[in-house]
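Here the structure is laid out as structure tokens; the discussion comes afterwards.
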Amino acid sequence: MILIRRFEEASEREFRRGKIGGYLHVYSGQEAVAIGVISALKKGDVVYCGYRDHAQALALGSGPSRVMAELFGKSTGISKGKGGSMHLFDAANGLYGGYGIVGGHIPLAAGSAYALRYRNSDNIAVCYFGDGAMNIGSFHEGMNMAGLWGKDGLCPVLWIIENNGYAMGTSVERHSALTDLSARVRAYNIQTEKVDGQDVFAMRGAADRIVRQIRETGKPYCIEAMTYRFSGHGAADILQPYRSKDEVEKHRDRDPITIMRKRLAEVSGLTDDDVKKMDEWATEEVAKAVRFAEESPVPDGSELFTDVVAEHGPHPVSEDNG
Amino acid sequence: MPKMGDAMSEGKVIRWYKKAGDPVRKGEAVLEIETDKVNLDLEAEADGTLGTIAVGEGQMAPVGGILAKILGEGEKADAPPATPAPPAAPVEEKPATAAEAKPAADGQSRRAIDKKDSIRHSTGEYGEAVDMKGPRTDRSIRHDQGNVVAMPQGGERHRSSPLARKMASEMGVSLDTVQGSGPRGRIVAADVKKISGGQAAAARSKSAMPALQQPAALETRQIPLSAMRRTIAKRLAESTGPIPHFYLTADFDVTNLTSVRQQLIDIEGAKLSVNDFMIRAVALALRHHPNINASWGSEAITQHGEIHIGVAVATPEGLITPVIRNADQKFVLEIAQEVRALAEKAKNRKLKPDEYQGSTFTISNLGAWGIEEFTGIINPPNSAILAIGAAEARVVVIDGQIVIRERMKVTMSCDHRVIDGATGAEYLRTLRQYVEQPLRLVV
Amino acid sequence: MAEKSYRDAIREAMMEEMDRDPNVLIMGEDIGVYEGTFRITAGMLKKYGPRRVIDTPIAEAGMVGTAVGMAMLGLRPIVEMMTVNFAIVAADQILNHAAKVRYFSGGQVDVPLVIRGPQGAGVQLSAQHSQTFESFYAHFPGIHVVTPGTPADAKGLLKTAIRGKDPVMFLESAALYGMKGEVPDDPDFTVPFGKSRVAREGSDVTIVSFSRMMQLSLTVADKLSKEEGIECEVIDLRTLRPLDMEPAYASVAKTHRAIVVQEQWKPFGAGAEIAASITETMFDELDAPVFRVTGEDVPMPYARNLELLATPHEEHIVRAVKRVMYRS
């Protein structure tokens with residue numbers, strides 16, 4: 001979690017330096033939601049998320065260097081520099097993508113869950129999406145099909161609502177007719193649970209139990225993680241006119257890293273010195289990642305035309321592009 | 001200069017709240033900047049002392065450029081860079097740029113002014129994208145070049161199909177002479193094809209009339225003799241010296257020949273010149289007259305068993321005569337292709353010796369230059385050379401009627417040691433039959 | 001070889017591939033219990049069971065989105081659109097997900113997904129159900145667009161689509177479903193993508209087309225040959241993406257005239273792309289502009305007479321052929 005925090009601070013800094021292009025959405029404040037669930041998974045499980053996806057990639061083991069290189073648009077990035085911040089992808093480690101169309105990935109996760117069961121695997125699919133994704137058609141169509149297939153034990157998917165209170169700058173109260181978001185998932189015959197998304201132990205506890213249940217039943221389940229993002233929606237969200245500085249400060253009192261430290265101090269005697277060492281390690285890892293990203297080569301120009309389709313190359317029209 | 005928007009590439013310093021040497025605290029506003037969207041305060045990222053200011057008020061800086069450094073305890077100010085440059089300092093050094101920007105507190109203290117609706121927003125946002133140059137090359141240019149050829153110089157542009165223009169260009173026909181039958185007078189392929197015989201020749205001679213260019217200033221200079229020029233001189237002198245020349249001129253009617261040529265072009269879509277027909281005609285006529293297809297020798301006259309026609313080709317270096325071997329056994333189309341290939345090689349000096357040696361008879365054609373008639377110098381060891389003039393529409397009397405026919409004059413230079421006047425005249429009579437009854441050439 | 005209908009060729013292709021590969025499954029609205037609105041999937045539920053023949057809710061985005069997820073994990077879903085008109089509900093899933101994942105993941109996943117269904121006008125289905133979509137989908141990289149015009153191609157191209165690694169929009173012509181033709185029996189008979197064919201040889205005018213309009217062009221070509229001695233060469237593009245223009249170029253080099261025939265509206269259509277490609281590549285060979293024969297630029301009306309006015313017919317093609325021959 002500390003690594004994620006330091007990584008996100010660095011990515012924001014590199015964005016300001018002009019090293020990272022496009023959009024940049026950082027995860028600071030929500031770390032426990034990524035770590036709490038992903039640490040409960042096993043090999044072969046597949047994870048889908050929206051475009052706030054750095055934490056999931058790091059949690060799944062993609063490595064800060066390859067993730068940072070992707071943000072820098074370098075050939076060593078986990079998507080060869082072709083996806084960027086919004087489309088981190090690491091199939092080998094179970095990350096089936098960050099997606100840029102809000103809620104568009106929800107049916108993909110349901111379909112992947114079906115595929116896993118179709119092949120009699122006990123792996124599951126996990127799908128992160130924000131509260132803002134719950135008003136788009138893909139959410140409703142995907143949820144309904146998951147609920148439907150779940151009746152036959154054919155849709156082992158764990159839905160995680162990352163309820164950070166805002167769809168970009170529009171608060172839950174202003175974007176959802178029903179503010180009890182998990183109730184809307186229950187409408188599709190899917191079991192739900194609200195969990196404190198700032199407390200990694202609460203998240204992990206719920207995830208352990210629920211993941212086991214999903215593996216056994218093949219039925220979908222939904223965790224509504226109550227969380228808060230400390231940074232702007234994206235790096236360009238400077239003014240944040242939709243919330244006050246006071247509100248952000250108030251939530252900083254429930255910083256997931258502080259909560260984790262306190263719990264670990266109580267339970268296992270974690271000292272400030274231990275934390276300092278962890279922090280130094282994380283800072284060094286991130287510094288190494290930035291260096292790696294800086295020094296990595298940009299993708300070769302020929303990469304432009306690869307990976308469009310598998311077999312036929314680009315449309316021949318590009319051959320004669322004036 | 002921090003990047004505050006997804007498409008921001010530079011920003012302007014509005015004012016510094018602190019001056020060099022002032023102590024600053026983390027979170028304290030240090031300066032105000034202006035981006036294409038907003039004005040906002042930049043806060044110090046760390047406690048320390050403000051170092052040398054690199055970008056003054058009113059100046060622009062690129063994203064990533066250093067504005068000033070905040071010095072930690074004991075750090076010394078660097079000399080300011082001459083121009084703002086992206087920071088080279090790796091991040092793990094204590095972050096030193098006044099970068100991390102957060103909005104100031106709510107209410108009146110916030111200096112940010114939202115300029116989302118300003119004109120600059122709509123013009124500046126994607127400036128970089130507009131400037132972006134991809135690795136593409138413009139391959140459409142070659143098409144354009146192809147079109148210029150048949151365009152008339154000055155005057156109204158002819159409407160014409162691309163194919164018609166290409167055909168006209170290949171046939172040397174000026175579109176000025178063609179009546180378009182397509183919509184709004186468009187000249188189409190059929191219109192160009194319709195132009196045959198006299199029209200084609202007329203059009204050609206007209207188009208072949210180049211404007212007089214300003215001559216270069218006169219000067220006395222010596223052009224060193226090239227090996228080729230030396231050979232030409234030597235061989236031609238050898239020719240006129242020892243060879244007693246005499247000359248026979250005939251005037252052939254080539255109306256039918258030009259018509260057959262046009263039909264072949266239409267049917268085969270091939271490039272064909274009158275000269276290609278003449279090569280075959282000369283060769284076929286030689287079969288009847290082995291005494292013309294012969295060489296003088298000190299002991300004997302050799303009559304050759306094969307007919308190889310030398311074709312004089314002008315190159316920048318001078319004259320050379322590539323050889324069409326067994327020309328009497330080749331179709332006109334074959335001859336045409338071979339001549340083009342050899343002429344191309346000749347122009348590039350790529351001819352091999354066996355491609356320009358061994359002729360038994362030579363022809364030279366200056367029709368393309370508009371020459372009506374001329375005499376050639378025999379190319380030894382040949383005994384004759386046929387000089388061919390331009391095919392032109394001329395008024396002639398046939399059966400007491402004045403008619404316009406395509407006519408062409410040829411002059412044969414003969415080696416009197418081998419050929420007598422009557423022998424040569426008989427040959428030309430045979431040749432006339434082939435030329436004036438051109439179906440003999442294509443069957 | 002046996003004579004089969006276009007519809008049976010499609011059905012046979014799917015069943016042969018389902019027999020061949022257990023990863024192939026089919027999903028769509030009312031394809032199972034109801035047995036399909038065009039009965040292409042009749043009997044499949046009974047034969048393959050509900051795991052492989054999935055009746056979905058009326059939710060095209062959900063249907064395609066889940067199929068993308070299945071395909072990314074190695075299944076080979078075939079999504080039947082009741083008509084291709086409904087697929088635009090799933091446009092985001094098709095164009096922004098299926099067509100993009102391979103690229104933005106740097107080639108980490110295949111998306112072997114076939115979206116197929118009937119399209120086109122002709123039976124008074126009016127504005128929302130009569131459209132053709134080839135240019136809409138062919139605009140986007142990352143997806144194949146297939147437009148079969150014969151029963152043999154319907155089968156061979158569909159098998160290539162199912163066996164492939166990429167998303168395919170397989171656009172069937174509803175009007176051709178009953179058309180019969182010779183179809184090879186070989187279960188491994190496939191037709192590769194990106195190989196246009198000369199459907200009829202001719203020397204005077206090149207007609208470039210695909211799907212139903214290719215068949216209409218053949219009818220017109222025979223008529224023009226018999227009645228006017230005009231010999232048209234008909235090029236069947238078969239797949240619009242990948243697009244193989246070489247046979248069309250070779251034909252234009254011979255005829256020096258070309259027209260394009262499509263059912264779709266004229267603006268920004270497939271015909272525009274084809275005509276522009278011919279002009280760019282074969283400019284100096286053209287003796288006339290490349291004309292397009294297209295549907296009229298209106299939403300499809302219901303009334304029979306109006307519908308007939310809105311779609312291309314034989315006389316439109318005849319007129320275009322004569323126009324490029326300067327005979328009108």
Side-chain angles (χ1 to χ4, degrees), chain A residues 46 48 70 77-84 86-87 89-92 96-101 104-119 125 137-138 140-146 148-149 152 154 299 303 306-318 320 322, chain C residues 22-23 25 50-52 54 56-57 59-75 77 89-90 92-93 96-97 99-112 138 141-144 164-167 193-194 239 241-246 273 276-277 280-281:
Chain A
V46 298
Y48 285 85
E70 186 63 33
I78 60 173
S79 308
K80 300 201 291 198
K82 289 180 166 182
M86 294 192 284
H87 301 303
F89 211 104
D90 187 359
Y96 273 71
Y99 292 82
I101 306 299
H105 61 300
I106 291 171
L108 272 61
S112 286
Y114 188 95
L116 291 167
R117 257 314 130 110
Y118 184 92
R119 292 182 164 162
S138 283
H140 296 278
E141 297 190 16
M143 276 302 148
N144 181 48
M145 288 171 78
L148 210 53
W149 292 342
D152 298 325
L154 283 171
E303 278 293 328
T306 60
D307 306 321
V308 180
V309 288
E311 282 142 356
H312 295 276
H315 193 238
V317 166
S318 62
D320 213 8
Chain C
N23 286 322
L25 58 83
R51 272 204 192 193
R52 298 186 70 190
I54 306 169
T56 68
E60 281 78 10
M63 191 189 311
V64 175
T66 51
V68 173
M70 292 176 189
M72 285 167 68
L73 288 205
L75 300 190
V89 177
D92 174 60
Q93 289 301 340
N96 239 339
H97 291 83
K100 302 289 198 307
V101 179
R102 173 185 299 281
Y103 198 76
F104 70 55
S105 71
Q108 291 182 55
V109 283
D110 293 334
V111 188
I143 194 164
H144 299 313
K165 294 179 174 175
D166 292 303
F193 290 176
T239 61
R241 193 183 253 283
L243 178 64
D244 173 22
M245 287 294 292
E246 291 308 323
E273 170 65 32
S277 296
E280 279 176 359
T281 309

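So that the names make sense, note that chain A is the first sequence line, chain B the second, and so on, each numbered from 1.
Contact annotation for C:P77: neither backbone nor side-chain heavy atoms come within less than 4.5 Å of a heavy atom of chain A. Neither the backbone nor the side chain of A:A109 comes within contact range of chain C; no heavy atom of the residue lies under 4.5 Å from a heavy atom of that chain. The contact between C:I54 and chain A is made entirely by side chain atoms (from C-beta outward), counting heavy-atom distances below 4.5 Å. Only the backbone of A:E303 comes within contact range of chain C, with heavy atoms under 4.5 Å apart. Heavy atoms of C:P167 lying under 4.5 Å from chain A are absent altogether. When heavy atoms are compared at a cutoff of 4.5 Å, A:I106 does not approach chain C at all.
The salt bridge (Lys or Arg N to Asp or Glu O under 4.0 Å) check on C:E246 picks up nothing, with sequence neighbours excluded. Taking the side chain to side chain donor-acceptor pair (under 3.5 Å) definition, one finds that A:R117 meets it with nothing, sequence neighbours left out.
Between A:Y99 and A:F89, the ring planes lie perpendicular to each other; the angle is over 60°, past the 30° to 60° tilted range. In this structure, C:F104 and A:H87 have parallel ring planes: the angle between them is below the 30° cut-off, well short of the 60° mark.
In terms of non-hydrogen atom pairs under 4.5 Å with chain A, the most contact-rich of C:L25, C:D110, C:I143 is C:L25. Between chain C and the options A:Y114, A:Y48, A:Y118, heavy-atom pairs under 4.5 Å are most frequent for A:Y118. Options C:V68, C:N96, C:L75, C:V101 differ in how many heavy-atom pairs under 4.5 Å they form with chain A, and the most are formed by C:L75.
The heavy-atom pair separating C:H97 from A:I101 by the smallest distance is CE1-CB, 4.0 Å.
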message: C:M72 vs A:V46, test: side chain to side chain contact (heavy atoms under 4.5 Å, CB included). Steps then yes/no.
response: CA-CA 11 Å; C:M72 285 167 68; A:V46 298; over 6 Å; no
- request: Apply the test side-chain hydrogen bond (donor to acceptor under 3.5 Å, both in side chains) to residues A:Y96 and A:S112: give CA-CA distance (whole Å), side-chain angles for both, the deciding distance (0.1 Å), then the verdict.
  value: CA-CA 10 Å; A:Y96 273 71; A:S112 286; over 6 Å; no
